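Letters A, B, ... mirror the listed sequences (proteins, then strands); counts begin at 1. These figures come from a predicted structure and were not determined experimentally.
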Amino acid sequence: MLFVRSARVTVWMGLASLTWSTVGFCDDGSLSERLPPGAIAVAEWANANALIERAQSSPLLKAAYESEPYRQWTESNNGRKFRGGRAMLEGQLGLNLWDASKRVLGDRGIVAVYPPSEPGGKPEGVLLVRLADDEIGGHLKSRLEALIPLANDKIKSETVDGAWLTTAPDGNRTWVKDRWVVGGTARIVDDVRRRLSETVTDSLAKTLGAKLSGAPAKSDTIVSLAVDPVRIRELLGQARLIPAKLDNPLASLLFGGLTEYAAIGKDVLASLQIRPEGFDLKFDVSGDAGQIDAAHKTLLSTQPLVQPELLPTVPRRLATMTLVRDWATWYRQRDALLEAKVLPEFDKFETGLATFLPGKDFSQDILSLMSGPLTLVFAEQTYPHLPQPPGLQLPAGALVVSLTDAQRGADVFNLFIQTLTSLTNLEAAKQMRQPWLTSAETYKGVTITYARYLEIPKGQALPAIFNAQPASALVGSQYIAASSVELCKDLIDALQSTQKTATTTAATVQRNFELILAPENAAPLVKSNHALIEARGVQEGKTAEQSKSEREFLETILRTQKPLRLSTDVTPTGLTLTLQGGWQ
Amino acid sequence: MSTNRRDFLKLLGTAGVVSLAGPAPSLWSSALGAEAAKGERVLVLIQMAGGNDGLNTVIPFGDDAYLKARPALAIGKGAALKLNDTLGLHPAMSGFRDLWEASRLAIVQGVGYPKPDRSHFRSMDIWQAAHFSERIPTGWVGRMLDQTVAQTGMAWEAACIGQDKLPLSCLGERVVPPTIQRLEEFRLTSAGRETALVSTAAWKQAVSSSESGSELDFLRRSATSAVTSAERLASLSKTYRSATPYPSSRLAQQLQLVAQMITADLPARVYFVTLDGFDTHSQQLPGHAVLLGELSSAVSAFFADLDEKGRGDSVMLTTFSEFGRRLAENGSLGTDHGAASVLFTVTPAGKGGLYGTAPSLTDLDDGDPKFTTDFRRVYATLLDRWLQRPSQPVLGEAFAPLDFA
Amino acid sequence: MITFDTSAAAHLLRRLQFGVNPEEIDRAVREGLDATLDRLFTPQPETAEFTASQAALRDAAVATASIQDLKAWWLHRMAGTANPVTEKVTLFWHNHFATSYNKVLSVPMMTAQNDLFRTLGSGSFRQLLTTVARDPAMLVWLDGNANRKRHPNENFAREVMELFALGLGNYTERDIQEAARAFSGWHLREGRFWFNDSQHDSSDKTVFGKTGKFDGQAIINLCLDHPACPRFLAFKLLRTFVVTEPSPAWIDRVAALFTKHDLTFAPVLKEVCRSPEFYGSDVRGTIIKSPVELVLGTLRPLCERIRWPAVRDLSAQLGQDVFAPPSVKGWDGGRQWIHATAWIQRWNFLSDVTGSERYGSLRSEVREAIAQQPHDWVTALFATPLSDTTREVLTKAVPSDRLSLSLSLPEYQLM
């Protein structure tokens with residue numbers, strides 16, 4: 001068993017392509033051994049039964065079945081149709097759908113796509129499934145063979161060498177024997193049939209199949225995918241399949257490095273492993289780093305990872321996103337990264353900026369103040385600065401940036417905040433809202449500058465604006481701008497703890513991007529805003545009780561969610577994108 | 001009878017006849033009268049919201065004080081579209097220049113009012129109410145419509161196109177003009193059936209009798225005429241063709257709808273549309289050019305279309321804005337709230353030209369050119385001379401009209 | 001002598017609640033006029049569902065401080081309450097003391113004012129006017145803080161006489177100027193009424209021919225004791241609940257009732273509703289439904305699962321945006337509701353009621369009942385007798401079209 005869970009992190013961070021090629025066959029070899037070589041893409045799964053069983057017994061599914069929206073759906077027209085269709089299908093199969101899927105798909109299967117056999121033809125494909133038990137193949141034949149005549153003799157069904165062979169008019173065929181099911185174009189299906197009974201020296205397992213992940217522990221399900229982008233580009237006669245310039249600035253900033261590697265890379269591999277406590281989805285692109293142009297290199301900056309996450313978590317966190325970029329150079333190179341049609345937006349932005357900082361250049365004078373990571377954090381609030389929470393409770397948000405020149409940087413960012421505060425106060429006066437007063441307090445040796453309200457109305461719930469009490473602080477070279485004092489303090493704690501650990505741990509991973517979502521922490525937010533959420537239901541004609549049960553269902557769903565983590569790491573030859581999640 | 005009218009009467013078919021069988025509807029009545037509606041004078045108002053910089057619209061390029069006060073924003077002699085030796089239009093306004101050359105563009109200079117207020121809301125209220133009291137809840141067009149129905153029984157209407165709320169100008173004590181966001185909203189929906197129920201013969205039969213009390217009679221009459229109007233507007237949008245291409249701007253689309261309604265002889269006598277964005281505090285040059293270009297191209301397409309339909313001589317269009325901007329530019333390449341400004345009137349052939357006196361750019365009131373023409377004189381012109389409704393009761397006092405109408 | 005038959009019962013209910021259905025008519029006829037009036041004018045327990053929904057809607061409005069949410073709360077309350085007379089009276093006072101959020105810009109203040117109309121509206125007008133004069137929303141609305149000793153602002157003083165208590169013609173401009181001085185210093189501070197004595201003019205004033213060092217309350221009392229006050233209230237009551245143009249004689253009779261009940265509202269309304277004139281043919285079916293009457297009066301009896309944001313937006317589009325009357329005069333009502341666009345919007349709403357789920361779902365039993373047993377519903381839907389032609393058209397219509405055709409008739413716009 002090469003797939004060792006505890007080594008997962010090191011396997012995935014680092015020498016990915018090497019790892020891919022050595023993760024090959026274990027006691028239970030890859031089905032790619034049974035496929036002919038030459039595929040341009042292949043995907044294989046193993047132990048799907050573990051996943052199906054988990055889904056079947058998942059508390060989430062149970063909660064959904066018991067929920068009011070589900071009950072209503074089952075009584076609706078669509079719900080009735082669905083139940084009817086399912087009952088018919090189960091009757092025909094003589095099995096319930098859960099058992100049927102476990103017995104058919106629950107063991108292993110592989111899908112591969114081959115280039116057209118003649119120029120100008122369509123790509124060909126094959127599916128090979130190893131059934132979970134010896135009986136299900138015969139059972140399916142006995143149940144389904146009778147249906148074939150309904151297709152007006154267009155499908156030919158015959159028994160050849162003890163196998164059930166069906167052939168469609170277009171030449172696609174399926175072949176079922178013992179525990180094997182093969183489907184696809186006739187040429188490849190026949191080739192695979194041969195390979196199932198004879199030992200053949202060449203196989204897909206020696207080429208693209210070697211890059212697939214091996215079988216995991218019985219309790220885990222794995223789906224793994226390997227694509228040969230070099231062959232695909234060759235076949236299509238195109239130098240690149242993904243354009244160098246994107247039309248969405250945010251997408252470019254987040255994933256521009258990844259798409260560039262995918263566009264020019266030589267390997268694109270992915271795997272999804274589902275374990276009892278969670279899942280990992282990994283996407284690995286690799287190629288010649290020397291081919292990446294200067295503009296895209298600004299998107300591939302990294303920060304060494306010295307602890308599980310770039311920025312330690314804060315209490316009640318809802319989401320964190322960190323981008324490591326070469327900000328100033330990135331902004332100057334935007335013409336090479338983005339389509340011309342989105343560029344005028346930047347000009348408008350610069351014009352607007354000029355009202356804040358006349359005579360300054362955004363890239364040279366502002367972005368150059370920042371180096372590397374930029375983090376956005378959102379967290380639920382407890383409102384220690386207020387006598388009672390606002391009627392509408394919103395999460396607090398914060399921005400953390402690393403400054404090149406701490407004092408100069410802090411000055412410029414503080415100027416933004418002061419200007420914003422003044423503008424807000426002018427607006428507040430017009431609408432008879434409370435103005436903000438700039439105040440300061442010291443927390444763990446750090447000065448926090450924040451806005452407090454001149455007065456806080458007593459009695460009923462506070463207006464939503466009370467969710468915001470902007471605060472800023474400088475911790476070392478890290479500048480924090482937060483929408484609440486509480487989050488600002490939590491971030492000071494987090495950053496101080498990073499600084500303590502930073503010197504002791506050696507970094508092995510070069511992190512480029514990190515997004516962490518913690519839906520379970522949104523559940524209290526749903527609860528504290530229950531009146532509002534339920535009122536939306538009542539406004540749409542639901543009863544109070546109905547709205548309440550829907551809100552409770554939403555809370556239950558959120559509570560069962562473990563954090564979701566999406567990250568990209570830069571390796572010497574490429575980029576690895578990892579999505580990890582968990583459940584209860 | 002114009003072909004358009006004939007087309008519409010044909011489209012009305014029997015439905016129109018049934019609706020006329022009862023007592024004549026008081027609303028939209030002119031639309032149904034035979035020749036009465038033909039060529040009725042129409043006024044179109046365009047509100048340039050935000051405070052248009054008159055000095056960069058009709059440019060005194062011959063005046064050193066202008067050039068000196070605006071080192072970055074001044075538009076020079078070379079760029080401006082020359083009106084005479086000292087004045088030129090903003091370079092984006094080629095459509096207006098063509099109207100000028102056809103003697104159809106009247107430019108009223110130095111328009112304003114005493115003790116100018118530099119708040120958008122307050123000043124816009126003053127312009128729309130044509131009154132300085134904070135307690136006047138009606139606008140000048142609304143009061144004119146109220147007085148017209150009270151004195152003559154003519155149910156003149158106004159229509160506000162593309163507004164999300166009724167502009168104060170058009171609000172009267174009794175008359176509340178329709179605000180038609182889009183033509184689609186002035187359309188009967190049929191909720192699943194082929195035609196709206198009120199368009200069926202059965203409905204028309206059911207409302208045909210007139211044997212009951214007064215409230216019901218009123219409802220039957222107004223209902224019948226509303227159905228007729230809706231049907232006409234619906235066929236209008238199906239049959240309306242214009243050889244004149246309109247630009248794709250929002251203002252142009254709204255003016256096209258106005259042209260549609262005018263050519264269909266709908267009984268609205270005043271149309272109100274808005275072009276927003278003139279509050280050019282910073283980086284004025286590009287934005288202001290876009291707005292003036294939008295205004296100029298939309299208005300010139302509108303009149304080309306009306307001319308094509310033979311209605312150009314019965315439509316007068318006037319722009320207004322709550323205030324102009326200061327003479328001196330500010331530090332953000334923009335201009336701040338000012339006072340007196342220019343306004344445009346597109347007038348039937350021959351009456352184009354300059355009206356009023358251009359204010360001095362050296363004799364300033366707190367940094368602003370002093371107004372020379374009270375804006376209510378413009379209203380008096382539009383009311384007395386164009387719509388032929390007495391202006392004094394509307395404006396509360398007598399103002400001497402100008403000669404562009 | 002009043003014949004309290006189905007038609008009379010339907011008329012009474014139409015005026016005292018939002019729309020009516022055949023069961024409600026049957027019940028009223030069964031119980032008789034007196035018992036029905038007693039029931040309508042006595043607080044009835046609300047259902048648990050209504051109470052819970054109301055609480056959710058109100059909490060949401062407080063939480064978001066959004067006037068749109070507050071509008072949804074009130075419309076839902078008007079349609080769902082077991083005490084419709086209270087809501088009709090609240091709406092009456094909202095139109096009488098017409099205050100708009102568009103200037104007040106405070107949801108808590110608008111909420112408090114609305115509650116005030118609800119709790120005090122059926123009772124003594126003396127207490128109501130006294131309280132409204134110090135109501136924070138009213139102080140913002142009529143520029144209380146601008147009324148200073150040396151710069152009296154006449155806004156409130158004028159409206160107290162013209163629109164709140166006496167009506168035009170019962171005071172002079174000089175009365176207003178003098179009264180304005182009496183209200184000087186009636187300010188708002190920290191969201192509450194505050195008597196700013198440094199800005200109060202405590203010198204002599206002459207109002208209605210009487211002279212004294214009147215303060216604001218004294219002026220209010222002078223207005224309340226003015227003979228025009230009961231007549232003015234009688235006019236407003238009749239115009240809203242009974243007939244658009246009440247006769248002077250009738251106004252006098254109702255004014256006498258107001259005097260008899262010391263300006264207490266509900267007992268007068270109740271007595272009017274049990275007077276024979278109220279059931280006259282010149283009263284029934286003569287009021288053009290306001291947008292709120294039309295929309296709620298249609299949806300409440302006919303529909304379930306009502307979508308309140310759509311209803312709120314529709315009512316505003318039709319010209320009655322609750323919490324945002326066009327001016328301190330409120331909505332003019334009557335024929336002013338009707339113009340070409342309004343007709344189209346009204347019909348489009350009514351056709352959506354039967355043909356779409358935009359505003360709610362038509363109750364299936366209503367659809368069936370109207371197709372099969374139209375007679376009961378004709379009494380509920382129409383406040384005015386249908387002509388023979390109209391009856392014939394309705395009879396000939398395919399049953400599935402009957403309801404939508406009925407709603408599209410001009411007769412349906414009357415109540």
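Here the CD-CG distance, from A:Gln539 to C:Asp69, works out to 5.0 Å after rounding to the nearest 0.5 Å.
For a residue to count as touching a neighbouring chain, one of its non-hydrogen atoms must lie under 4.5 Å from one of that chain's; by this rule A:Glu455 touches chain C with the side chain only. With a 4.5 angstrom heavy-atom cutoff, C:Ile306 touches chain A only via backbone atoms. With a 4.5 angstrom heavy-atom cutoff, C:Glu190 touches chain A only via side-chain atoms.
Each of C:Gly360, C:Pro309, C:Ala52 has some count of heavy-atom pairs under 4.5 Å with chain A, and the biggest count is that of C:Pro309. Between chain C and the options A:Gly537, A:Ala544, A:Ser547, A:Gly391, the largest number of non-hydrogen pairs under 4.5 Å is found for A:Ala544. Interface check for chain C: of the options A:Glu545, A:Arg536, A:Lys548, the most heavy-atom pairs under 4.5 Å are formed by A:Arg536.
Atom NZ of C:Lys103 is surrounded by more than 12 heavy atoms from other residues, nucleotides or ligands within 6.0 Å. Around atom CZ of C:Arg148, more than 12 heavy atoms belonging to other residues, nucleotides or ligands sit under 6.0 Å away.
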message: Could you walk me through whether C:Asp59 and A:Leu532 satisfy the side-chain contact (heavy atoms from CB on, under 4.5 Å) test, starting with their C-alpha distance in whole Å, then the side-chain angles of each, then the deciding distance to 0.1 Å, before giving a yes or no?
response: CA-CA 7 Å; C:Asp59 288 352; A:Leu532 186 63; over 6 Å; no
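Between the side chain of A:Glu540 and the backbone N or O of C:Trp308 there is no donor-acceptor pair closer than 3.5 Å.
The heavy-atom pair separating A:Val538 from C:Ser53 by the smallest distance is CG1-CB, 3.7 Å.
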